[in-house]
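The block underneath contains the structure these notes are about, expressed in structure tokens.
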Amino acid sequence: MKKIVTILVVIFAFTFTAQAQKKGGAPSAEKILKRMTKDLSLTEEQQSKIKPLLTAQLAERKAAMEKRKAIKESGQKPSKEERQLERKDKIAKEAAFNTEMSNILNKEQLIKFEAIAKERKTQTKNKGNKKAH
């Protein structure tokens, strides 16, 4: 269970959706990119490289959410193997995203990006622990 939560937290952390959702509305690549630009001082070239990554990631997350919703509505539960496969897929996508970001960001930006992600992960983990009690 901890691994599932961790994976979901990391995905959200890397897309900065927590801030976008607090401000209302569904997160969009533009909102996330604007926040990243502010936090990391991205250049226009970096923005143009990151935007397609964010767009693809949001589309994948939306498709996965719709798939989970359809399964839930059908009354079925995914098997243990299916859940493990989904976890592995999320980890692989996260690693690919991190690799792309490390190729785009400079050293200082990457350090700041990782620090922000770690902070969001901690906040989300704490939020999840409060709900469990």
Side-chain angles (χ1 to χ4, degrees):
M1 184 66 181
K2 280 186 174 181
K3 288 183 179 182
I4 294 172
V5 172
T6 302
I7 292 167
L8 291 173
V9 169
V10 171
I11 290 171
F12 283 111
F14 285 113
T15 58
F16 298 91
T17 58
Q19 286 296 327
Q21 289 174 346
K22 284 181 186 176
K23 294 181 181 179
S28 67
E30 289 80 18
K31 286 181 182 178
I32 296 167
L33 185 60
K34 187 175 180 179
R35 180 70 178 182
M36 289 177 74
T37 300
K38 179 183 171 201
D39 291 343
L40 303 174
S41 303
L42 298 177
T43 65
E44 287 189 29
E45 181 182 349
Q46 289 172 320
Q47 290 175 44
S48 66
K49 291 178 181 178
I50 292 173
K51 187 173 181 177
L53 295 176
L54 294 175
T55 303
Q57 188 178 52
L58 288 173
E60 289 171 1
R61 280 197 4 235
K62 184 176 181 180
M65 184 178 67
E66 288 172 358
K67 181 182 174 184
R68 284 190 306 272
K69 185 177 178 182
I71 291 171
K72 185 177 180 180
E73 288 175 353
S74 72
Q76 298 176 343
K77 290 190 175 187
S79 70
K80 184 176 181 178
E81 292 79 21
E82 289 172 328
R83 289 191 312 267
Q84 288 175 341
L85 187 62
E86 285 181 22
R87 266 186 247 127
K88 286 180 182 179
D89 186 44
K90 286 179 184 179
I91 291 170
K93 287 178 182 178
E94 174 192 333
F97 183 79
N98 290 342
T99 301
E100 289 293 326
M101 291 301 290
S102 67
N103 291 334
I104 296 170
L105 300 175
N106 66 36
K107 189 175 181 178
E108 294 86 22
Q109 290 170 325
L110 186 60
I111 291 168
K112 191 182 268 188
F113 177 75
E114 291 170 348
I116 291 169
K118 184 176 180 181
E119 180 183 330
R120 290 188 192 277
K121 180 178 176 181
T122 303
Q123 288 174 351
T124 306
K125 184 177 180 181
N126 291 339
K127 187 176 182 180
N129 288 341
K130 288 179 184 177
K131 286 183 180 180
H133 293 289

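Fair warning: this is a prediction, and the values are worked out from it, not measured in the lab. All heavy atoms count here, side chains included; hydrogens, waters and symmetry mates do not. Residue numbers run from 1 in the order of the sequence given.
- Considering all non-hydrogen atoms of both residues, Arg61 and Pro27 come closest at NH2-CG, 4.3 Å.
- Of the inter-residue distances, the one linking Asn103 atom CG with Glu100 atom CD reads 6.0 Å to the nearest 0.5 angstrom.
- Here the closest heavy-atom approach between residue Leu33 and residue Gln47 is recorded as CD2-O, 3.8 Å.
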Report task. For Lys49 and Glu45, run salt bridge (charged side-chain N to carboxylate O under 4.0 Å, His left out): C-alpha distance rounded to whole Å, both residues' side-chain angles, the deciding distance at 0.1 Å, then the answer. Result -> CA-CA 6 Å; Lys49 291 178 181 178; Glu45 181 182 349; 3.3 Å; yes
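- Side-chain contact between Leu53 and Met101 is present, with at least one heavy-atom pair separated by less than 4.5 Å.
- The CD atom of Glu86 sits 9.0 Å away from the CZ atom of Arg83 when rounded to the nearest 0.5 Å.
- Here the side chains of Ile32 and Ile50 are not in contact, with every heavy-atom distance at 4.5 Å or above.
- Shortest non-hydrogen contact noted between Asp39 and Arg120 is OD2-NH2, 4.3 Å.
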Report task. I would like to know whether Ile104 and Leu110 meet side-chain contact (heavy atoms from CB on, under 4.5 Å); could you show each step before the answer? Result -> CA-CA 9 Å; Ile104 296 170; Leu110 186 60; over 6 Å; no
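- The closest side-chain heavy-atom distance from Arg68 to Lys72 is not below 4.5 Å.
- Rounding to the nearest 0.5 angstrom, the gap separating the CD atom in Glu94 from the CD atom in Gln57 is 9.0 Å.
- Distance CD/Glu66 to CD/Glu73: 10.5 Å, rounded to 0.5 Å.
- Lys80 is listed as a side-chain neighbour of Gln84, based on a closest heavy-atom distance under 4.5 Å.
- With contacts defined as side-chain heavy-atom distances shorter than 4.5 Å, the pair Lys107/Ile111 qualifies.
- Here the closest non-hydrogen pair linking Leu40 and Phe113 is CD2-N, 3.7 Å.
- The line from OG1 of Thr37 to CD of Gln46 is 8.5 Å long, rounded to the nearest 0.5 Å.
- A distance of 9.0 Å separates CD in Gln109 from CE in Met36, rounded to the nearest 0.5 Å.
- The two atoms that bring Leu58 and Ser28 nearest to each other are CD1-C, 3.6 Å, heavy atoms only.
- Closest of all the heavy-atom pairs between Pro78 and Ile71 is CD-CG2, 4.1 Å.
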